[in-house]
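Contents: one structure, followed by commentary.
Position 1 is the first residue of the sequence, and the numbers go up from there. What's counted below: heavy atoms across the whole structure, side chains too, no hydrogens, waters or symmetry copies.
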Amino acid sequence: MYKARIAILISGSGTNMAALLYASKHGDCPYEVALVASNNPDAGGLKIAQAEGIATFAHSHKGMERADHDAVMDTAIRDAGADYIVLAGYMRILSDGFVHGWEGRMLNIHPSLLPKYKGLDTHKRALEAGDIHGGASVHLVTPELDDGPVLGQVEVTIVDGDTPETLAERVKYAEHQLYPRVVSEYVGREFDADWLETKVSELALALPQTHARPSHGSPGWRVGTEKTGKYFAHFSTQHHGSDAIGVLVKTGGMDELETLCEEQPEIYWKPAFYGASGWIGLRLNRSGVDWEHVTEWLERSWRGVAPKKLTKLMDVAEGF
Ligand code: GAR
């Protein structure tokens, strides 16, 4: 099973990091922890990670410009081969450049029911407002603080006599359940056939004069009219004993197909029952899929069968 690699960033005790780490020990967890990194060399969580044989990295932010410190962390995270960053009590405001570099690939947990109480002192503010629930939210990180799309939330009932400390303690129990589940769902979607099919379909239908048409029960995409259109892509889900989920596109011929399959077997496969037709499988249920590359293949395959007047139009459009 392919696992997404996550880097967890902490500043303190790291109990959420520990929850994520121990959840990853289950065989069916779709992620593994590639690195635990901190801006605080004394963060308690680093020891927990080390005890479990996880790579750690610490670099104090003291005396550094924000962007420079972010760059040091970024290098360590990329060197560890991480696909995602998971912030778990990482008490740093991040520079826009760092956030943009991980767009859609950085998650955070925040101890409130967002959009309520962004920033600090969330439990105190919930109590002062007379709320009946506190809670926690997991969201995607965008440049605006605690503002990205919410991926999951859990409510925690406020009881008489609660203080910010007692509420914080119960919210943490809730966080420890919520975070591994939401991270799993989010990173796991990239291995999910429905999610992959939707993504391929969006890219295929973005090409001129295309339409979807199933073929032998599998999704497919054609160029041209409904009547005379030709297939330029098929979607393939774990067919004939293969564990690959991916898109079939047309190569220039069997020589190219054989070479690609031999040189990059992690990406390409030769689909069964397509004979010497030149259709090649592009595996998508793996981490780090380069969607630009998939787009280029779809376009090339489209060009191979599209009517000449359409490809000419495309050439003119690309000339601008
Ligand atoms: C967690 O409650 C988390 O929601 C919060 O810090 C705590 C870290 O605890 N994060 C924020 O306040 C971010 N703005 P932990 O180190 O024990 O996981």
Side-chain angles (χ1 to χ4, degrees), residues 1-5 78 81 83 189-320:
M1 177 188 177
Y2 287 91
K3 294 198 181 236
R5 292 172 64 76
R78 291 187 193 274
D83 305 306
R189 82 206 192 289
E190 295 199 353
F191 307 99
D192 177 72
D194 290 342
W195 188 84
L196 290 167
E197 185 194 320
T198 306
K199 181 109 183 162
V200 169
S201 186
E202 277 167 18
L203 296 175
L205 296 178
L207 289 163
Q209 230 181 83
T210 48
H211 56 270
R213 165 94 56 100
S215 136
H216 300 289
S218 296
W221 296 272
R222 310 195 323 163
V223 53
T225 62
E226 285 283 348
K227 221 169 169 187
T228 62
K230 291 195 173 122
Y231 281 101
F232 66 97
H234 296 277
F235 194 76
S236 172
T237 313
Q238 292 163 333
H239 268 173
H240 309 293
S242 154
D243 70 345
I245 300 177
V247 60
L248 309 187
V249 286
K250 232 169 167 187
T251 57
M254 291 313 279
D255 285 350
E256 186 189 9
L257 183 149
E258 300 286 358
T259 311
L260 287 170
C261 292
E262 207 173 290
E263 288 178 354
Q264 289 164 282
E266 69 288 2
I267 299 184
Y268 298 104
W269 88 93
K270 191 175 167 181
F273 304 112
Y274 277 80
S277 57
W279 287 95
I280 197 169
L282 205 53
R283 185 193 262 278
L284 299 174
N285 58 333
R286 61 193 171 85
S287 52
V289 171
D290 178 354
W291 286 98
E292 290 282 325
H293 184 236
V294 178
T295 307
E296 282 162 19
W297 262 116
L298 285 169
E299 189 182 320
R300 188 180 148 189
S301 198
W302 175 91
R303 276 179 179 280
V305 290
K308 283 285 152 292
K309 66 171 196 289
L310 265 185
T311 57
K312 273 195 194 134
L313 273 178
M314 187 88 158
D315 291 340
V316 173
E318 278 172 2
F320 281 102

Only pairs under 3.5 Å count here: list side-chain donor-acceptor contacts from residues 267-276, not counting sequence neighbours, and write none if there are none.
from	atom 1	to	atom 2	distance (Å)
Y268	OH	H293	NE2	3.3
Y268	OH	W297	NE1	3.0
K270	NZ	E258	OE2	3.1

Mind checking the [atom1]-[atom2] spacing from [X] to [Y]? Nearest 0.5 Å is all I need.
X	Y	atom1	atom2	result
L298	L282	CG	CG	8.0 Å
Q264	T259	CD	OG1	10.5 Å
F232	R300	CZ	CZ	14.5 Å

Pairs of donor and acceptor atoms involving the side chains of residues 217-224, under 3.5 Å and at least two apart or interchain, shall be tabulated with distances.
from	atom 1	to	atom 2	distance (Å)
W221	NE1	S201	OG	3.3
R222	NE	H211	NE2	3.0
R222	NH1	G229	O	3.2
R222	NH2	E226	O	2.6

Report the residues that fulfil side-chain hydrogen bond (donor to acceptor under 3.5 Å, both in side chains) with [X], sequence neighbours left out, ordered by chain and then residue number.
X	value
R283	D243, N285
E296	none
Q209	none
E197	none

Over all heavy atoms of both residues, which pair between [X] and [Y] is shortest? Give the atoms and the distance, please.
X	Y	value
W291	W195	CZ2-CZ3, 4.3 Å
Y231	P214	OH-O, 3.2 Å
G281	L248	CA-CD2, 3.5 Å
A212	L205	N-CD2, 3.9 Å

Exercise. Mind checking side-chain contact (heavy atoms from CB on, under 4.5 Å) for T225 and listing every partner two or more places apart, or none if nothing turns up?
Key: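 If we apply the side-chain contact (heavy atoms from CB on, under 4.5 Å) test to T225, skipping adjacent residues, the hits are K227, T228.
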Quiz item: Are side-chain heavy atoms of E256 and I280 found at a separation under 4.5 Å?
Solution: no
Quiz item: So do L284 and I245 actually touch side chain to side chain, heavy atoms under 4.5 Å?
Solution: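 Heavy-atom side-chain distance check fails, nothing below 4.5 Å.
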Got a sec, which residues hit salt bridge (Lys or Arg N to Asp or Glu O under 4.0 Å) with [X], two or more places apart in sequence or on another chain?
X	result
E263	none
D255	none
R78	D74

Exercise. Kindly write out the residues that satisfy ring pair (Phe, Tyr, Trp, His ring centres under 6.0 Å) with F235, not counting sequence neighbours, or none if the list is empty.
Key: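 F235 satisfies ring pair (Phe, Tyr, Trp, His ring centres under 6.0 Å) with no residue once adjacent residues are dropped.
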Self-check item: Criterion side chain to side chain contact (heavy atoms under 4.5 Å, CB included) on H216 and H234, from CA distance to verdict
Solution: CA-CA 10 Å; H216 300 289; H234 296 277; over 6 Å; no
Exercise. Kindly indicate, with the supporting measurements, whether the criterion side chain to side chain contact (heavy atoms under 4.5 Å, CB included) is fulfilled by M254 and L257.
Key: CA-CA 5 Å; M254 291 313 279; L257 183 149; 4.3 Å; yes
Show me the side-chain donor-acceptor pairs of residues 303-313 shorter than 3.5 Å, one per line, residues at least two apart or across chains.
from	atom 1	to	atom 2	distance (Å)
R303	NH1	D315	OD1	3.0
R303	NH2	D315	OD1	2.9
R303	NH2	E318	OE1	3.2
T311	OG1	K308	O	2.9

Exercise. Would you indicate whether E292, at its atom CD, is surrounded by more than 12 heavy atoms from other residues, nucleotides or ligands within a distance under 6.0 Å?
Key: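 Atom CD in E292 is not crowded, with 12 or fewer foreign heavy atoms closer than 6.0 Å.
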Quiz item: Is the side chain of S301 donor-acceptor paired with the backbone N or O of K250 at a distance under 3.5 Å, no angle test?
Solution: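 Yes, because the side chain of S301 sits within donor-acceptor range (under 3.5 Å) of the backbone of K250.
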